[in-house]
Amino acid sequence: MDKNSAALYKKMQTEVEAYQNLQKACVKVVKQRALLESQLSENKCVLDELKLLGAENKVYKLFGPVMVKQDLDESRQNVGKRIDYISKELKNSNDSLETMERDMMKHRETMTKYQQQWQVAAAMK
Amino acid sequence: MASNASNAGKPETVDLVKLSPEQLLQIKQEFEQEMTNIQESLSTLHGCKAKYAGSKEALESFQSNWQDRHILVPLTSSMYVPGRIKDLNNFIIDIGTGYFIEKDLEGSKDYFKRRVDYVQEQIEKIEKIHMQKTRFLNSVMSVLDLKQEAALKLHQQQQQKSEQTA
């Protein structure tokens, strides 16, 4: 009997640990997602602005401390590519967040299951 | 959106009364956390708006007879070098992610005006959400108050009863 409950306790502990680890990873992904979202909106603003420009406007890009003149169409394409890339990353982090939440739910369920088993075992004593 | 919230608010208020004080307290804490976050982003947005508006104002004060006018160019916030305005009609504006664009006076003014309007729009959106959350938080608090009062009354009644029997 005692052996059983010890095994159960161990199982419960691994579940709790897995759950906590997931929670930590979750927080990280949420932070990353917020960063990506802000980058996405910034890039969108830039693209909107670039779309409003005509051939008479010059475009520069800052590389470190140097401003380099850019071709308008090229900059538009570059920003568009960046938006595509960031959107893809955003989708990835959303997906992984979803699977994490599902995993967390599973761990929670097994935790309650073990808890019930524990209580039953305790009542039988 | 407002009608949506009022619709969603009704079943929530019904639920609130059914919740235990512990649950209510948890909701209250969560909401207060959210409110601080909202307040923070609001103040950031207000700061952004002030920055854009400041740039626009600087442009408004530019006059067409300022060609070759002497100015002091700030190198740091406390050190200046003398300079002369050579080109009145070209401004290079930072539009984010490292991109800068060259625009004439009117175009630059227009850019900052649009930016200010855009930020204002975002502020109004967030203020709306803020108001909804405040309302919800208030209803949570009032239900919590009612529950506490009821618990207190129950406690007093029980005390009176025990005193009477004694």
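Labels below follow one simple rule: chain letters A, B, ... track the order of the sequence lines, proteins then strands, and each chain is numbered from 1.
Inter-residue side-chain proximity for Y99(B) and N78(A) is flagged as met; some heavy-atom pair is nearer than 4.5 Å. L50(A) places a side-chain heavy atom less than 4.5 Å from the side chain of I95(B). At a threshold of 4.5 Å between non-hydrogen side-chain atoms, the residues I93(B) and E49(A) do not count as touching.
Proximity to chain B is limited to the side chain of L52(A), based on heavy atoms less than 4.5 angstrom apart.
One finds the NZ atom of K103(B) at 14.5 Å from the NZ atom of K58(A) (value rounded to the nearest 0.5 Å). Annotation: the span from Q70(A) atom CD to I101(B) atom CD1 amounts to 13.0 Å, rounded to 0.5 Å.
Hydrophobic clustering (ILVMFWY, side-chain heavy atoms < 4.5 Å, transitive): V59(A) and F100(B) are in distinct clusters. In the hydrophobic clustering of this structure, V73(B) groups with M79(B); members are Ile, Leu, Val, Met, Phe, Trp, Tyr whose side-chain heavy atoms approach within less than 4.5 Å, directly or through other members. Hydrophobic clustering, with ILVMFWY side chains joined whenever heavy atoms are under 4.5 angstrom apart, groups I123(B) together with V116(B). L90(A) and V30(A) sit in two unconnected hydrophobic clusters of ILVMFWY residues. Membership requires side-chain heavy atoms under 4.5 Å apart, directly or through other members.
With chain B as partner, the option from L53(A), V68(A), L72(A) having the largest number of non-hydrogen pairs under 4.5 angstrom is L53(A).
Counted within 6.0 Å of NZ on K44(A), heavy atoms from surrounding residues, nucleotides or ligands total 12 or fewer; the atom is thus considered open. Atom CD of Q26(B) has 12 or fewer neighbouring heavy atoms from other residues, nucleotides or ligands inside a 6.0 Å radius.
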Is there a side-chain contact (heavy atoms from CB on, under 4.5 Å) between N43(A) and T97(B)? Walk through the geometry before answering.
CA-CA 7 Å; N43(A) 273 289; T97(B) 66; 3.6 Å; yes
